[in-house]
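FYI, side chains are in, hydrogens and waters are out, and symmetry mates aren't considered; it's all heavy atoms of this structure. Chain identifiers are assigned alphabetically (A, B, ...) following the order of the sequence lines, protein sequences preceding nucleic acid strands; residue numbering begins at 1 within each chain.
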Amino acid sequence: MTWDASFFARNAIDVASDLVGFELQVSGVGGVIVETEAYLHNDAASHSFAGATKRNQSMFGPPAYSYVYLSYGLHWCLNFVCLPGSAVLVRAIEPKCGLEIMRQRRAVDDIRKLCAGPGRVCQALAITGEMNGLPVTDPAFRLVLRPAPVDVAAGTRIGITKASDLTWRFGLKGSPFVSRKF
DNA sequence: CTATCGATTGTCT
DNA sequence: GACAATCGATAGA
């Protein structure tokens, strides 16, 4: 399997599952995506559920673009847009490149805590709202196909109050770098 | 290990 | 004015 922009023009659930094992870097810093979540248009937990607004307009733009938003007034979270109104949240990365840079940005030494959580991922990779609406093909990003198929675990999404029973959270089976065990 | 709570601000009703 | 796709610190089992 190779990938191009059409990789994202599919059901976000499939994209979220398939994205596990891909390598993601921002300006050379990053690692392997080990945890994702899917958010659909017809999904009460999704920012797009009530229709397009100024904040979520990226979710209604073309697939394979970023949707970056501020959570709880202090944490940035990174998504990749799939079919209109849907997206995949990048929840955790296994750090591989630029470990010392990430440690400085995060102010922690423990490699397991560098990128285990959507807010932590963005802090470690220096992702902010300025990167909202960028194509994933932008030079700032580097997204690399996983070298081989991986075992993917599924579970319920984290931190939401609506539609919390849906198992739209995916992770690399057995990875110690996920934000919570499956 | 789990549970609880405060921080902090953009967004929407 | 209420709430939020989170995090880190702290307290207790």
Side-chain angles (χ1 to χ4, degrees), chain A residues 8 11-20 22 24 26 30 33-61 63 65-95 102-134 136 152-172 174-182:
Chain A
F8 290 94
N11 187 311
I13 300 170
D14 295 330
V15 178
S17 178
D18 289 347
L19 210 50
V20 173
F22 275 55
L24 175 66
V26 174
I33 297 173
V34 294
E35 185 181 344
T36 61
E37 279 179 359
Y39 288 88
L40 303 195
H41 191 177
N42 185 23
D43 169 10
S46 174
H47 288 169
S48 61
F49 183 65
T53 64
K54 185 168 186 180
R55 174 179 64 161
N56 67 21
Q57 61 181 339
S58 293
M59 287 187 77
F60 294 92
Y65 277 64
S66 64
Y67 166 48
V68 181
Y69 71 93
L70 188 64
S71 180
Y72 289 89
L74 43 137
H75 305 294
W76 294 103
C77 296
L78 171 68
N79 297 253
F80 291 121
V81 178
C82 300
L83 289 173
S86 74
V88 171
L89 172 68
V90 178
R91 283 197 58 89
I93 286 176
E94 176 179 346
M102 289 193 255
R103 285 197 170 97
Q104 285 177 19
R105 289 173 177 164
R106 294 269 304 114
V108 294
D109 285 336
D110 187 350
I111 191 172
R112 293 196 184 198
K113 292 182 179 172
L114 286 181
C115 300
R120 291 163 167 177
V121 167
C122 286
Q123 189 177 26
L125 303 205
I127 295 166
T128 70
E130 293 183 3
M131 297 187 70
N132 181 37
L134 286 183
V136 70
V152 176
T156 53
R157 293 178 292 183
I158 292 174
I160 55 174
T161 56
K162 300 166 203 161
S164 56
D165 56 325
L166 301 170
T167 55
W168 289 352
R169 172 177 174 246
F170 303 95
L172 180 60
S175 172
F177 297 99
V178 297
S179 64
R180 273 171 56 175
K181 300 214 167 180
F182 282 79

Strand DNA chain C as a dot-bracket string - pairs counted if Watson-Crick or G-U with both distances under 3.5 Å, | where the partner lies in another strand: ||||.|||||||.
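Judged by centroid separation below 5.5 Å and plane tilt below 30°, A:Tyr72 does not stack onto the base of B:dA7.
Between the side chain of A:Tyr69 and the base of C:dA5, at least one donor-acceptor pair of N or O atoms lies under 3.5 Å.
The distance between the ring centers of A:Phe8 and A:Phe80 falls below 6.0 angstrom.
Across all strands, A:Arg120 comes closer than 4.0 Å only to sugar-phosphate atoms, never to a base (heavy-atom distances). Contact annotation for A:Leu74: base contact, defined as any heavy-atom pair under 4.0 Å involving a base atom. Residue contacts for A:Arg106: at a heavy-atom cut-off of 4.0 Å it reaches the sugar-phosphate backbone alone, with no base atom in range.
If you check residues 40-59 of chain A against DNA chain B, the residues with a heavy atom closer than 4.0 Å are A:Thr53, A:Lys54, A:Arg55, listed by number.
Along DNA chain C, the nucleotide nearest A:Ala116 and the nucleotide nearest A:Gly73 are compared for position; the residue whose nucleotide lies closer to the 5' end is A:Gly73.
Note: CG (A:Asp110) to P (C:dG8) measures 11 Å, nearest angstrom.
Among the candidates A:Val20, A:Ile158, A:Leu19, the single residue satisfying the side chain to side chain contact (heavy atoms under 4.5 Å, CB included) test with A:Glu35 is A:Ile158.
Of the charged side-chain nitrogens involved, at least one lies within less than 4.0 Å of a carboxylate oxygen, so that A:Arg157 and A:Asp43 count as a salt-bridged pair.
Proximity of a side-chain donor or acceptor of A:Arg105 to a complementary backbone N or O of A:Ala124 within less than 3.5 Å is detected.
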